[in-house]
2 protein chains.
Amino acid sequence: MTTFELTPVGVGLGVDGGPVGSTGACCSPLVTEPMDAARAERLAASFKALADPTRLRLLSIVAKSEGEEACVCDLIEPVGLSQPTVSHHLKILTTAGFLERSKRGTWAYYRLVPGALDRMSQLLADA
Amino acid sequence: MTTFELTPVGVGLGVDGGPVGSTGACCSPLVTEPMDAARAERLAASFKALADPTRLRLLSIVAKSEGEEACVCDLIEPVGLSQPTVSHHLKILTTAGFLERSKRGTWAYYRLVPGALDRMSQLLADA
DNA sequence: ACTGGACATCGACGAACTTCGATATGTCGG
DNA sequence: CCGACATATCGAAGTTCGTCGATGTCCAGT
């Protein structure tokens, strides 16, 4: 597992419409800088955390829960998967910076990290 | 391959802060509807197309290219992968609705589909 | 202390993904 | 028509991912 990134970092796709030296037909050699591999890797890790239907549903359920938080037991039945699997997905979302965990008593409550999704939104908008 | 979706469809994560019948401690049985499986599947498919560093770099390069379009030969060298691999990624991005292809002569030119990324941005913002 | 419950971790299996070389398709110039 | 080139498609190999059952850990009652 390529170890998901800690937090979604803000970076655009890097558009600026700057004129590039136009070669006649094709294959102009200078694209200056596209998007460095490291940045692409981090961004992809964030999107990867969102690239699963179960995880999107988990985010949705947490978001619409009272107090904007939900414990694992609230999440197992709606998604229809085993408890270890749900726990696994929640860990991925937490490691990626979209959820935060707070344990109270026997239960573990998950809630949305305030600006996380908005930051991803901004990334795509700036593209 | 789970056949990527045709176009990113607009759907929010479904937040509305509505009060749910509060059971005493935990595990309230009624979450009404989180996000139907089909919607989650489509959204996840779109994110999956963005969940790869190479594809993000391809989008970036295309976006900052002159005329906002680039042929495959422009893309192979920057990402440092084989031509079949680049072609493969471009197909995924095209099938997902982020790129469109137009063949002129021997070359295939790819450009961003106008509202595609913005639509994804909106999805996350509405969450 | 012991039992029961909530959650996390581990190990394993099948499916999906990324990548490549080889090959097919299609286009232009001679 | 033929050879050179730009892309796409086709297996195949290696890796990653999603899922589960079994197990470990921690907390609250009795």
Side-chain angles (χ1 to χ4, degrees), chain A residues 1-5 23-28 37 40-41 44-58 62 69-77 79-96 99-111, chain B residues 1-5 23-28 37 40-41 44-58 62 69-77 79-96 99-111:
Chain A
M1 183 190 296
T2 41
T3 59
F4 287 91
E5 272 301 315
T23 332
C26 169
C27 305
S28 44
E41 203 85 39
S46 292
F47 279 125
K48 205 173 301 184
L50 298 176
D52 180 275
T54 299
R55 289 197 283 272
L56 289 176
R57 295 178 75 187
L58 287 174
V62 169
E69 72 176 3
C71 69
V72 181
C73 57
D74 277 329
L75 302 170
I76 295 176
E77 183 254 332
V79 301
L81 294 177
S82 73
Q83 176 265 320
T85 301
V86 172
S87 220
H88 169 69
H89 285 304
L90 289 171
K91 184 193 179 105
I92 289 179
L93 287 171
T94 303
T95 306
L99 290 181
E100 58 189 3
R101 193 180 94 114
S102 65
K103 195 165 188 181
R104 290 203 297 277
T106 316
W107 299 293
Y109 290 88
Y110 286 87
R111 69 177 59 196
Chain B
M1 182 190 296
T2 39
T3 60
F4 287 91
E5 272 302 314
T23 332
C26 170
C27 304
S28 43
E41 204 84 40
S46 292
F47 280 124
K48 206 173 301 184
L50 299 176
D52 180 275
T54 299
R55 289 197 284 271
L56 289 177
R57 296 177 74 187
L58 288 174
V62 169
E69 72 176 4
C71 70
V72 182
C73 58
D74 276 330
L75 303 169
I76 295 175
E77 183 253 331
V79 301
L81 294 176
S82 73
Q83 176 268 318
T85 301
V86 172
S87 219
H88 168 68
H89 284 305
L90 289 172
K91 184 194 179 106
I92 289 179
L93 286 170
T94 303
T95 306
L99 289 181
E100 59 189 3
R101 193 181 95 116
S102 65
K103 196 166 188 179
R104 290 204 295 278
T106 316
W107 300 292
Y109 290 88
Y110 287 88
R111 69 176 59 199

Options C:dC17, C:dC7, C:dT18, nucleotide nearest the side-chain atoms of B:K48: C:dC17

Nucleotide C:dG26, atom P - distance to CZ of B:R101 in whole Å: 11 Å

Contact nearer the 5' end of DNA chain D, comparing A:V86 with B:V72: B:V72

Rounded distance in Å - OH (A:Y110) to P (C:dA6): 15 Å

Side-chain-base donor-acceptor pair under 3.5 Å for A:Q83 and C:dA8: yes

A:H88 NE2 to D:dC20 P, straight-line distance once rounded to whole Å: 11 Å

Rounded distance (Å) that lies between atom C1' of C:dA8 and atom CG of A:L90: 11 Å

Rounded distance (Å) that lies between atom P of D:dA6 and atom OH of B:Y109: 11 Å

Rounded interatomic separation in angstrom, taking CD from A:E77 and C1' from C:dA6: 17 Å

Presence of A:H89 side-chain N/O under 4.0 Å of D:dT19 phosphate oxygens OP1/OP2: yes

side-chain N/O A:S82 vs D:dT19 OP1/OP2, d < 4.0 Å: no

Short side-chain N/O contact to C:dT18 OP1/OP2 from B:T85, under 4.0 Å: no

Reported CG-to-OH distance for the pair A:L58 and A:Y110, which is rounded to 0.5 angstrom: 10.0 Å

C:dT19 OP1/OP2 closer than 4.0 Å to side-chain N/O of B:T54: yes

A:E69 side, atom CD; A:E100 side, atom CD - distance, nearest 0.5 Å: 9.5 Å

Selected nucleotide, minimal atom distance to A:L81 side chain, candidates D:dT9, D:dC20, C:dT18: D:dC20

Sugar-phosphate, base or nothing in reach of B:K91, heavy atoms under 4.0 Å: sugar-phosphate

Proximity to the side chain of B:T106 - top-ranked nucleotide from D:dT19, C:dT27, C:dT18: C:dT27

Main-chain N/O of A:L75 paired to A:R57 side chain as donor or acceptor, under 3.5 Å: no

Protein-nucleotide distance (A:R57, atom CZ; D:dG18, atom C1'), rounded to Å: 15 Å

Any residue meeting salt bridge (Lys or Arg N to Asp or Glu O under 4.0 Å) with A:R101, in chain and number order, not counting sequence neighbours: none

Among D:dG18, C:dT19, C:dT18, the one nearest B:I92 by side-chain distance: C:dT18

Protein-nucleotide distance (B:K103, atom NZ; D:dA6, atom C1'), rounded to Å: 7 Å

Sugar-phosphate only, base, or nothing, as touched by A:R104 at under 4.0 Å among non-hydrogen atoms: nothing

Atom pair CG (A:L81) and OG (A:S87), whose distance is rounded to the nearest 0.5 Å: 12.5 Å

